[in-house]
Amino acid sequence: LEGRIPSATLTDVVEPFYLSGAGSDAPGKKEFDEWRAKSEKDHGVRFHSKVEDVPSPSSGEKRMAIVAGRTGDNPSLFRSCLKDAVGCVAVYLEKPGAPSVPELEAMRDEARDAGVRCYVGFNKNVSSYLRRTMDMASAIPGGGNVTFLHNNAYDE
């Protein structure tokens, strides 16, 4: 929305909680409604309560979805993004992505079968243990050095 990625445009937002009525009185609803109104007015962003309501892409349009819902909801949101009518060529799935590793593996296989690239992210800057590590490193006189390594057993 701020032009930080010139080759990408936010066109649609799917928000099942606030837009379905389930979250009508929930904390954050007022702020969401304000952001929604501004995004619709200033940028033409469309808002939907479910993925199936997102219009099909125009000819030649490449669409990527970012799935960052509640862990239990992510598998169904992810699978909806794989449908031809939605037209995603890639899906970024916020970690943990699903309630179990077998479900993540099934989702990976479904994405592969659909010809959709899948990426799983990890937002390190909100991880409490990494935040504490970085705070400790910054308290070292002369500064500290933190290297983040992972030990995932996944090769994809």
Side-chain angles (χ1 to χ4, degrees), residues 1-43 45-51 54 62-82 86 88-112 114 116-156:
L1 293 179
E2 298 167 355
R4 288 184 281 175
I5 306 173
S7 62
T9 303
L10 177 63
T11 59
D12 296 89
V13 171
V14 175
E15 175 42 67
F17 184 65
Y18 288 131
L19 295 177
S20 69
S24 60
D25 295 326
K29 172 70 164 129
K30 179 181 176 236
E31 293 81 1
F32 172 79
D33 286 343
E34 290 168 358
W35 178 73
R36 175 187 179 186
K38 180 172 177 40
S39 298
E40 287 174 331
K41 179 179 177 268
D42 295 350
H43 305 286
V45 177
R46 300 171 296 215
F47 286 76
H48 316 278
S49 63
K50 53 189 180 181
V51 175
V54 175
K62 292 188 187 250
R63 183 173 282 169
M64 176 183 158
I66 300 171
V67 177
R70 289 176 263 321
T71 302
D73 296 336
N74 282 349
S76 63
L77 291 168
F78 179 84
R79 288 180 175 107
S80 294
C81 293
L82 300 181
V86 177
C88 290
V89 296
V91 176
Y92 175 91
L93 182 63
E94 186 60 46
K95 195 173 181 179
S100 69
V101 172
E103 183 136 30
L104 279 172
E105 290 172 338
M107 292 161 62
R108 175 201 61 201
D109 295 344
E110 291 169 44
R112 182 185 300 133
V116 176
R117 301 287 307 219
C118 179
Y119 304 90
V120 178
F122 178 57
N123 197 348
K124 296 180 286 296
N125 63 333
V126 296
S127 173
S128 61
Y129 67 86
L130 187 61
R131 177 82 355 243
R132 284 193 310 264
T133 302
M134 293 169 69
D135 289 345
M136 288 172 57
S138 67
I140 296 171
N145 189 7
V146 176
T147 302
F148 181 75
L149 302 173
H150 69 87
N151 186 22
N152 290 333
Y154 311 110
D155 59 359
E156 293 183 72

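- Within 6.0 Å of CD1 in Ile5 there are 12 or fewer heavy atoms belonging to other residues, nucleotides or ligands.
- Between the OG1 atom of Thr71 and the CD atom of Glu94 there is a distance of 9.5 Å, given to the nearest 0.5 Å.
- Residues satisfying the side chain to side chain contact (heavy atoms under 4.5 Å, CB included) criterion with Met64, sequence neighbours excluded, are Ile66, Ala90, Tyr92.
- Taking the side-chain hydrogen bond (donor to acceptor under 3.5 Å, both in side chains) definition, one finds that Arg36 meets it with Glu40, sequence neighbours left out.
- Not counting sequence neighbours, the partners of Thr9 by the side chain to side chain contact (heavy atoms under 4.5 Å, CB included) test are Thr11.
- Annotation: side chain to side chain contact (heavy atoms under 4.5 Å, CB included) contacts of Pro16 (sequence neighbours excluded): Val14, Leu77.
- Every residue two or more places apart in sequence or in another chain that forms a salt bridge (Lys or Arg N to Asp or Glu O under 4.0 Å) with Arg79 is listed here: Glu103, Glu110.
- Applying the ring-ring contact (aromatic ring centres under 6.0 Å, His included) criterion to Tyr18, with sequence neighbours excluded, gives Phe32.
- Within the structure, the salt bridge (charged side-chain N to carboxylate O under 4.0 Å, His left out) test picks out the following pairs touching residues 23-33 (sequence neighbours left out): Lys29-Asp33, Lys30-Glu34.
- Looking at residues two or more places apart in sequence or on another chain, you find a side chain to side chain contact (heavy atoms under 4.5 Å, CB included) between Lys38 and Asp42.
- Among residues two or more places apart in sequence or in another chain, the side-chain hydrogen bond (donor to acceptor under 3.5 Å, both in side chains) test is passed with Ser76 by none.
- Within 6.0 Å of CZ on Arg46 lie more than 12 heavy atoms contributed by other residues, nucleotides or ligands.
- Listed for the Asn74 side chain is a donor-acceptor partner under 3.5 Å among the backbone atoms of Gly69.
- Partners of His48 by side-chain hydrogen bond (donor to acceptor under 3.5 Å, both in side chains), not counting sequence neighbours, listed by chain and number: Asp12.
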